[in-house]
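I have placed the structure first, in the form of C-alpha coordinates, so that the comments after it can refer back to it.
Counting from 1, the numbers follow the sequence of the chain as shown.
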Amino acid sequence: MASTLKEQLITILLTSALTSTGWVGVQYYNATKQQEQFSNQLYKELYDKSAKALEEIDDKYSKLMDFYATKHGLSTHEYKSEFNEFKNAVEDYKSYVKELERYGNSSQVKAANFLKELIWGLYGDFYLHFSTIEQVEDHVQLVLLNQYSNSEYFDALNEALDNDLDNLIQLENRTYYEVSQYKKPLIDAYRQYLNYHFRSSLGLEATEDMVNAINSIESKQQRNPENEYKDKALPFMFSEQRVYQAATLDFSESDDFLKQKNAALKHNTKLKFIALVIENEPSLKSKLEEQVKDKKEVIE
(Lines give C-alpha, C1' and ligand atoms only; values in the text may rest on other atoms or scores of the structure.)
Protein backbone atom coordinates (compact mmCIF):
# COMPACT_ATOMS: atom_id res chain seq x y z
CA MET A 1 0.00 0.00 0.00
CA ALA A 2 2.79 2.41 0.99
CA SER A 3 4.71 1.44 -2.12
CA THR A 4 1.71 2.16 -4.33
CA LEU A 5 1.19 5.56 -2.73
CA LYS A 6 4.84 6.39 -3.20
CA GLU A 7 4.65 5.43 -6.89
CA GLN A 8 1.56 7.60 -7.33
CA LEU A 9 3.29 10.59 -5.75
CA ILE A 10 6.30 10.17 -8.03
CA THR A 11 4.01 9.94 -11.07
CA ILE A 12 2.19 13.12 -10.03
CA LEU A 13 5.46 14.99 -9.49
CA LEU A 14 6.89 13.86 -12.85
CA THR A 15 3.69 14.79 -14.68
CA SER A 16 3.69 18.19 -13.03
CA ALA A 17 7.33 18.79 -13.89
CA LEU A 18 6.87 17.76 -17.53
CA THR A 19 3.75 19.89 -17.88
CA SER A 20 5.53 22.90 -16.38
CA THR A 21 8.56 22.42 -18.64
CA GLY A 22 6.35 22.12 -21.69
CA TRP A 23 4.51 25.31 -20.82
CA VAL A 24 7.79 27.20 -20.39
CA GLY A 25 9.03 25.84 -23.71
CA VAL A 26 5.90 26.94 -25.53
CA GLN A 27 6.08 30.39 -23.95
CA TYR A 28 9.75 30.72 -24.94
CA TYR A 29 8.98 29.61 -28.51
CA ASN A 30 6.10 32.09 -28.80
CA ALA A 31 8.19 34.94 -27.42
CA THR A 32 11.06 34.13 -29.80
CA LYS A 33 8.65 33.92 -32.74
CA GLN A 34 7.07 37.27 -31.86
CA GLN A 35 10.48 38.89 -31.53
CA GLU A 36 11.52 37.51 -34.92
CA GLN A 37 8.32 38.77 -36.55
CA PHE A 38 8.81 42.20 -34.96
CA SER A 39 12.42 42.38 -36.19
CA ASN A 40 11.43 41.36 -39.71
CA GLN A 41 8.68 43.98 -39.81
CA LEU A 42 11.05 46.62 -38.48
CA TYR A 43 13.78 45.72 -40.99
CA LYS A 44 11.25 45.76 -43.83
CA GLU A 45 10.10 49.26 -42.85
CA LEU A 46 13.70 50.47 -42.62
CA TYR A 47 14.47 48.85 -45.99
CA ASP A 48 11.49 50.60 -47.59
CA LYS A 49 12.52 53.94 -46.06
CA SER A 50 16.06 53.45 -47.35
CA ALA A 51 14.80 52.78 -50.87
CA LYS A 52 12.54 55.83 -50.80
CA ALA A 53 15.29 58.15 -49.48
CA LEU A 54 17.82 56.94 -52.05
CA GLU A 55 15.31 57.15 -54.90
CA GLU A 56 14.69 60.77 -53.90
CA ILE A 57 18.43 61.46 -54.10
CA ASP A 58 18.54 59.81 -57.54
CA ASP A 59 15.64 61.91 -58.76
CA LYS A 60 17.10 65.21 -57.55
CA TYR A 61 20.55 64.25 -58.80
CA SER A 62 19.17 63.56 -62.28
CA LYS A 63 17.43 66.93 -62.42
CA LEU A 64 20.57 68.69 -61.27
CA MET A 65 22.75 66.85 -63.79
CA ASP A 66 20.42 67.86 -66.62
CA PHE A 67 21.88 71.35 -66.30
CA TYR A 68 25.46 70.09 -66.48
CA ALA A 69 24.59 67.98 -69.51
CA THR A 70 22.69 70.62 -71.49
CA LYS A 71 24.23 73.95 -70.44
CA HIS A 72 27.65 75.43 -69.77
CA GLY A 73 28.81 78.47 -67.83
CA LEU A 74 26.11 77.86 -65.23
CA SER A 75 24.84 80.68 -63.04
CA THR A 76 23.26 79.97 -59.65
CA HIS A 77 20.12 81.73 -60.86
CA GLU A 78 19.61 78.98 -63.43
CA TYR A 79 19.52 75.98 -61.11
CA LYS A 80 19.33 77.20 -57.52
CA SER A 81 16.03 75.41 -56.96
CA GLU A 82 17.39 72.05 -58.19
CA PHE A 83 20.56 72.45 -56.14
CA ASN A 84 18.55 73.11 -52.96
CA GLU A 85 16.25 70.17 -53.65
CA PHE A 86 19.25 67.87 -53.98
CA LYS A 87 20.69 69.29 -50.75
CA ASN A 88 17.39 68.60 -48.95
CA ALA A 89 17.33 65.02 -50.25
CA VAL A 90 20.85 64.48 -48.89
CA GLU A 91 19.84 65.92 -45.51
CA ASP A 92 16.79 63.61 -45.44
CA TYR A 93 19.02 60.60 -46.02
CA LYS A 94 21.28 61.69 -43.17
CA SER A 95 18.21 61.84 -40.91
CA TYR A 96 17.19 58.37 -42.05
CA VAL A 97 20.62 56.97 -41.14
CA LYS A 98 20.19 58.34 -37.62
CA GLU A 99 16.94 56.39 -37.33
CA LEU A 100 18.65 53.29 -38.69
CA GLU A 101 21.37 53.66 -36.04
CA ARG A 102 18.65 53.30 -33.39
CA TYR A 103 16.85 50.28 -34.81
CA GLY A 104 19.02 48.59 -37.44
CA ASN A 105 21.62 45.88 -36.93
CA SER A 106 25.38 46.46 -37.07
CA SER A 107 25.90 45.45 -40.71
CA GLN A 108 23.03 47.67 -41.91
CA VAL A 109 24.26 50.66 -39.93
CA LYS A 110 27.86 50.25 -41.09
CA ALA A 111 26.88 50.01 -44.77
CA ALA A 112 24.44 52.94 -44.52
CA ASN A 113 27.00 55.17 -42.81
CA PHE A 114 29.61 54.48 -45.47
CA LEU A 115 27.04 55.20 -48.18
CA LYS A 116 26.13 58.43 -46.38
CA GLU A 117 29.76 59.55 -46.54
CA LEU A 118 29.89 58.82 -50.27
CA ILE A 119 26.68 60.80 -50.85
CA TRP A 120 27.99 63.66 -48.72
CA GLY A 121 31.13 63.73 -50.87
CA LEU A 122 28.95 63.92 -53.99
CA TYR A 123 27.07 66.86 -52.52
CA GLY A 124 30.40 68.45 -51.60
CA ASP A 125 31.41 68.66 -55.27
CA PHE A 126 28.15 70.35 -56.21
CA TYR A 127 28.42 72.69 -53.24
CA LEU A 128 31.98 73.72 -54.11
CA HIS A 129 30.93 74.57 -57.65
CA PHE A 130 27.76 76.39 -56.54
CA SER A 131 29.56 78.48 -53.92
CA THR A 132 32.31 79.34 -56.43
CA ILE A 133 29.64 80.59 -58.85
CA GLU A 134 28.26 82.80 -56.08
CA GLN A 135 31.70 84.32 -55.62
CA VAL A 136 31.95 85.05 -59.35
CA GLU A 137 28.48 86.62 -59.29
CA ASP A 138 29.60 88.86 -56.42
CA HIS A 139 32.60 89.83 -58.55
CA VAL A 140 30.25 90.66 -61.42
CA GLN A 141 28.37 93.04 -59.15
CA LEU A 142 31.64 94.68 -58.12
CA VAL A 143 32.62 95.22 -61.76
CA LEU A 144 29.23 96.67 -62.63
CA LEU A 145 29.25 99.08 -59.68
CA ASN A 146 32.73 100.32 -60.62
CA GLN A 147 32.31 100.62 -64.37
CA TYR A 148 32.45 104.42 -64.11
CA SER A 149 35.34 104.42 -61.63
CA ASN A 150 39.02 105.04 -62.27
CA SER A 151 39.79 103.19 -65.50
CA GLU A 152 42.84 101.35 -64.13
CA TYR A 153 40.88 100.04 -61.14
CA PHE A 154 38.00 98.98 -63.36
CA ASP A 155 40.37 97.32 -65.83
CA ALA A 156 41.94 95.35 -62.97
CA LEU A 157 38.52 94.23 -61.72
CA ASN A 158 37.42 93.26 -65.21
CA GLU A 159 40.61 91.28 -65.88
CA ALA A 160 40.20 89.47 -62.57
CA LEU A 161 36.61 88.60 -63.53
CA ASP A 162 37.84 87.14 -66.82
CA ASN A 163 40.29 84.97 -64.89
CA ASP A 164 37.52 83.93 -62.49
CA LEU A 165 35.36 82.84 -65.42
CA ASP A 166 38.22 80.73 -66.81
CA ASN A 167 38.69 79.01 -63.44
CA LEU A 168 34.96 78.58 -63.01
CA ILE A 169 34.43 76.80 -66.32
CA GLN A 170 37.36 74.49 -65.53
CA LEU A 171 35.69 73.66 -62.20
CA GLU A 172 32.34 73.12 -63.90
CA ASN A 173 33.88 70.66 -66.35
CA ARG A 174 35.75 68.88 -63.56
CA THR A 175 32.61 68.62 -61.43
CA TYR A 176 30.67 67.06 -64.30
CA TYR A 177 33.18 64.25 -64.77
CA GLU A 178 33.92 63.75 -61.08
CA VAL A 179 30.30 63.17 -60.11
CA SER A 180 29.02 61.39 -63.22
CA GLN A 181 31.99 59.14 -64.00
CA TYR A 182 33.30 58.33 -60.52
CA LYS A 183 31.25 59.22 -57.44
CA LYS A 184 27.71 58.41 -58.60
CA PRO A 185 28.59 55.00 -60.12
CA LEU A 186 30.35 54.07 -56.86
CA ILE A 187 27.33 55.19 -54.84
CA ASP A 188 25.02 53.10 -57.05
CA ALA A 189 27.15 50.01 -56.54
CA TYR A 190 27.46 50.49 -52.79
CA ARG A 191 23.72 51.08 -52.52
CA GLN A 192 23.28 47.44 -53.57
CA TYR A 193 25.63 46.40 -50.78
CA LEU A 194 23.29 48.09 -48.29
CA ASN A 195 20.31 46.41 -49.96
CA TYR A 196 22.06 43.06 -49.58
CA HIS A 197 22.30 43.47 -45.80
CA PHE A 198 18.61 44.29 -45.57
CA ARG A 199 17.65 41.30 -47.72
CA SER A 200 19.92 39.06 -45.68
CA SER A 201 18.19 40.18 -42.47
CA LEU A 202 14.83 39.39 -44.04
CA GLY A 203 15.93 35.95 -45.23
CA LEU A 204 15.95 36.97 -48.91
CA GLU A 205 18.60 36.01 -51.43
CA ALA A 206 20.67 38.58 -53.28
CA THR A 207 19.61 39.14 -56.88
CA GLU A 208 22.03 38.64 -59.77
CA ASP A 209 22.17 42.39 -60.44
CA MET A 210 22.91 42.99 -56.78
CA VAL A 211 25.79 40.49 -56.79
CA ASN A 212 27.26 42.02 -59.95
CA ALA A 213 27.04 45.53 -58.49
CA ILE A 214 28.67 44.47 -55.22
CA ASN A 215 31.46 42.70 -57.08
CA SER A 216 32.12 45.88 -59.07
CA ILE A 217 32.73 48.04 -55.99
CA GLU A 218 36.46 47.35 -55.81
CA SER A 219 37.02 48.31 -59.46
CA LYS A 220 34.83 51.42 -59.14
CA GLN A 221 36.90 52.58 -56.18
CA GLN A 222 39.91 52.75 -58.48
CA ARG A 223 40.06 55.98 -60.47
CA ASN A 224 40.14 55.59 -64.23
CA PRO A 225 42.65 57.98 -65.88
CA GLU A 226 40.33 58.21 -68.90
CA ASN A 227 37.67 59.84 -66.69
CA GLU A 228 40.02 62.30 -64.99
CA TYR A 229 39.50 65.88 -66.13
CA LYS A 230 42.55 68.12 -66.28
CA ASP A 231 42.44 71.84 -67.07
CA LYS A 232 42.05 72.53 -70.77
CA ALA A 233 43.64 75.18 -72.97
CA LEU A 234 40.19 76.04 -74.39
CA PRO A 235 37.80 75.21 -71.53
CA PHE A 236 34.72 77.00 -72.90
CA MET A 237 35.12 75.22 -76.22
CA PHE A 238 35.36 71.91 -74.35
CA SER A 239 32.37 72.61 -72.08
CA GLU A 240 29.99 73.09 -74.99
CA GLN A 241 30.13 69.37 -75.90
CA ARG A 242 31.47 67.75 -72.72
CA VAL A 243 28.56 65.32 -72.41
CA TYR A 244 29.67 63.70 -75.69
CA GLN A 245 33.43 63.83 -75.03
CA ALA A 246 35.96 61.89 -73.03
CA ALA A 247 37.52 63.83 -70.17
CA THR A 248 40.95 63.47 -71.76
CA LEU A 249 40.01 65.19 -75.03
CA ASP A 250 41.69 68.55 -75.59
CA PHE A 251 41.55 71.27 -78.22
CA SER A 252 44.71 72.93 -79.47
CA GLU A 253 45.31 76.64 -78.97
CA SER A 254 47.15 76.68 -82.25
CA ASP A 255 43.84 76.33 -84.11
CA ASP A 256 42.75 79.95 -84.61
CA PHE A 257 39.14 79.04 -85.34
CA LEU A 258 38.77 77.06 -82.10
CA LYS A 259 40.60 79.74 -80.16
CA GLN A 260 38.24 82.42 -81.46
CA LYS A 261 35.22 80.26 -80.75
CA ASN A 262 36.43 79.71 -77.18
CA ALA A 263 36.77 83.50 -76.76
CA ALA A 264 33.27 84.03 -78.16
CA LEU A 265 31.76 81.42 -75.82
CA LYS A 266 33.53 83.03 -72.88
CA HIS A 267 32.25 86.47 -73.88
CA ASN A 268 28.69 85.15 -74.15
CA THR A 269 29.00 83.51 -70.74
CA LYS A 270 30.17 86.79 -69.25
CA LEU A 271 27.22 88.64 -70.77
CA LYS A 272 24.85 85.98 -69.46
CA PHE A 273 26.23 86.36 -65.94
CA ILE A 274 25.87 90.13 -66.13
CA ALA A 275 22.28 89.91 -67.37
CA LEU A 276 21.22 87.33 -64.76
CA VAL A 277 22.90 89.19 -61.89
CA ILE A 278 21.17 92.44 -62.81
CA GLU A 279 17.84 90.68 -63.31
CA ASN A 280 17.95 88.89 -59.96
CA GLU A 281 19.43 91.67 -57.80
CA PRO A 282 16.87 94.51 -57.56
CA SER A 283 19.08 96.66 -55.31
CA LEU A 284 21.94 96.40 -57.81
CA LYS A 285 19.62 97.38 -60.63
CA SER A 286 18.56 100.49 -58.72
CA LYS A 287 22.17 101.47 -58.04
CA LEU A 288 23.10 101.05 -61.69
CA GLU A 289 20.17 103.20 -62.76
CA GLU A 290 21.34 105.89 -60.35
CA GLN A 291 24.87 105.67 -61.76
CA VAL A 292 23.60 106.09 -65.32
CA LYS A 293 21.48 109.06 -64.25
CA ASP A 294 24.42 110.73 -62.51
CA LYS A 295 26.66 110.07 -65.49
CA LYS A 296 24.19 111.74 -67.83
CA GLU A 297 23.94 114.77 -65.55
CA VAL A 298 27.74 115.13 -65.50
CA ILE A 299 27.90 114.94 -69.31
CA GLU A 300 25.13 117.47 -69.71
Side-chain angles (χ1 to χ4, degrees), residues 32-66 68-69 82-83 85-127 175-229 243 246-247:
T32 302
K33 194 67 176 176
Q34 288 177 352
Q35 183 178 4
E36 181 180 339
Q37 291 174 345
F38 174 78
S39 296
N40 284 344
Q41 181 61 31
L42 182 60
Y43 290 153
K44 183 180 181 303
E45 290 176 1
L46 290 170
Y47 189 16
D48 290 340
K49 286 184 178 180
S50 171
K52 183 178 179 180
L54 291 170
E55 284 169 6
E56 189 70 9
I57 287 176
D58 278 350
D59 178 63
K60 304 309 179 187
Y61 168 84
S62 295
K63 291 179 179 178
L64 189 56
M65 284 303 292
D66 282 343
Y68 286 83
E82 287 74 13
F83 172 77
E85 286 178 2
F86 178 73
K87 177 184 177 182
N88 291 337
V90 172
E91 292 291 346
D92 288 344
Y93 184 72
K94 289 175 66 179
S95 297
Y96 160 75
V97 173
K98 288 182 179 179
E99 180 182 359
L100 181 63
E101 287 174 340
R102 294 196 298 272
Y103 302 114
N105 62 36
S106 297
S107 60
Q108 294 165 358
V109 171
K110 184 177 180 180
N113 267 308
F114 188 77
L115 185 57
K116 179 188 71 176
E117 293 304 316
L118 293 178
I119 291 171
W120 191 245
L122 179 71
Y123 166 73
D125 285 314
F126 286 126
Y127 173 78
T175 301
Y176 171 79
Y177 286 101
E178 176 69 11
V179 302
S180 66
Q181 302 299 315
Y182 175 62
K183 288 188 176 175
K184 190 57 168 61
L186 181 58
I187 287 171
D188 291 341
Y190 211 88
R191 174 180 177 176
Q192 293 293 4
Y193 184 63
L194 174 61
N195 290 341
Y196 163 76
H197 284 294
F198 275 115
R199 291 178 69 89
S200 178
S201 300
L202 293 169
L204 302 174
E205 293 183 356
T207 65
E208 184 177 349
D209 288 344
M210 190 176 293
V211 171
N212 291 336
I214 293 171
N215 288 337
S216 74
I217 289 176
E218 185 175 355
S219 63
K220 283 184 168 63
Q221 287 176 326
Q222 308 300 319
R223 288 185 174 275
N224 185 347
E226 294 181 359
N227 295 329
E228 290 289 314
Y229 177 85
V243 69

Inset, instruction - Could you walk me through whether Leu122 and Tyr61 pass the side-chain contact (heavy atoms from CB on, under 4.5 Å) test, one step at a time? - result: CA-CA 10 Å; Leu122 179 71; Tyr61 168 84; 4.0 Å; yes
Inset, instruction - Kindly indicate whether the side chain of Gln192, heavy atoms from C-beta on, has any atom under 4.5 Å from the side chain of Thr207. - result: no
Legend entry - Side chain to side chain, Met65 and Lys184, heavy atoms closer than 4.5 Å: no
Inset, instruction - Report the C-alpha distance between Tyr182 and Tyr177 in whole Å, list the side-chain angles of each, state the deciding distance to 0.1 Å, and finish with yes or no for side-chain contact (heavy atoms from CB on, under 4.5 Å). - result: CA-CA 7 Å; Tyr182 175 62; Tyr177 286 101; over 6 Å; no
Inset, instruction - Evaluate the side-chain proximity of Ile119 to Tyr190: yes if any heavy-atom separation is below 4.5 Å, no if none is. - result: no
Legend entry - Electrostatic pair Asp48-Lys52, nearest N-O below 4.0 angstrom: no
Inset, instruction - Using a 4.5 Å cut-off on heavy atoms from C-beta on, say whether the side chain of Leu115 contacts that of Leu54. - result: yes
Legend entry - Inter-residue atom distance Tyr127.OH - Thr175.OG1, 0.5 Å rounding: 13.5 Å
Legend entry - Side chain Asn215, main chain Val211, donor-acceptor under 3.5 Å: yes
Inset, instruction - Supply the atom-to-atom distance Leu186 CG to Lys220 NZ, rounded to the nearest 0.5 angstrom. - result: 8.5 Å
Inset, instruction - Check for a donor-acceptor pair, side chain of Ser200 on one end and backbone N or O of Tyr196 on the other, with a separation under 3.5 Å. - result: no
Inset, instruction - Return the minimal non-hydrogen interatomic distance between Ala189 and Ala213, and the atom names on each side. - result: CB-O, 3.6 Å
Legend entry - Nearest non-hydrogen partners of Ser50 and Leu194, listed with the distance: OG-CD2, 3.6 Å
Inset, instruction - Any chance you could measure Phe126, atom CZ, to Glu178, atom CD, to the nearest 0.5 Å? - result: 10.5 Å
Legend entry - Flag for Glu85-Asn88: side-chain donor and acceptor within less than 3.5 Å: no
Legend entry - Distance, nearest 0.5 Å, that separates CG of Asp59 from CG of Leu64: 11.0 Å
Inset, instruction - Please determine if Glu56 and Lys60 form a salt bridge, counting it only when a charged side-chain N lies under 4.0 Å from a carboxylate O. - result: yes
Inset, instruction - Would you check if there is a donor-acceptor pair between the side chains of Gln222 and Glu218 at a distance under 3.5 Å? - result: no
Legend entry - Between NZ on residue Lys116 and NZ on residue Lys94, distance to nearest 0.5 Å: 6.5 Å
Inset, instruction - Please tell me if the side chains of Tyr43 and Tyr103 come closer than 4.5 Å, counting only heavy atoms from C-beta onward. - result: no
Inset, instruction - Kindly indicate whether the side chain of Arg191, heavy atoms from C-beta on, has any atom under 4.5 Å from the side chain of Ile57. - result: no
Legend entry - Qualifying residues under side chain to side chain donor-acceptor pair (under 3.5 Å), relative to Asn105, sequence neighbours excluded: Ser107, Ser201
Inset, instruction - Compare all side-chain heavy atoms of Tyr123 with those of Phe83 and state whether any distance is below 4.5 angstrom. - result: yes
Inset, instruction - I would like to know whether Leu100 and Gln108 meet side-chain contact (heavy atoms from CB on, under 4.5 Å); could you show each step before the answer? - result: CA-CA 8 Å; Leu100 181 63; Gln108 294 165 358; 4.0 Å; yes
Legend entry - Heavy atoms of other groups near Lys87 NZ, more than 12 under 6.0 Å: no
Legend entry - Heavy-atom check, side chain of Tyr176 versus side chain of Tyr229, under 4.5 Å: no
Legend entry - Side-chain donor or acceptor of Tyr96 paired with backbone N/O of Leu46 under 3.5 Å: yes
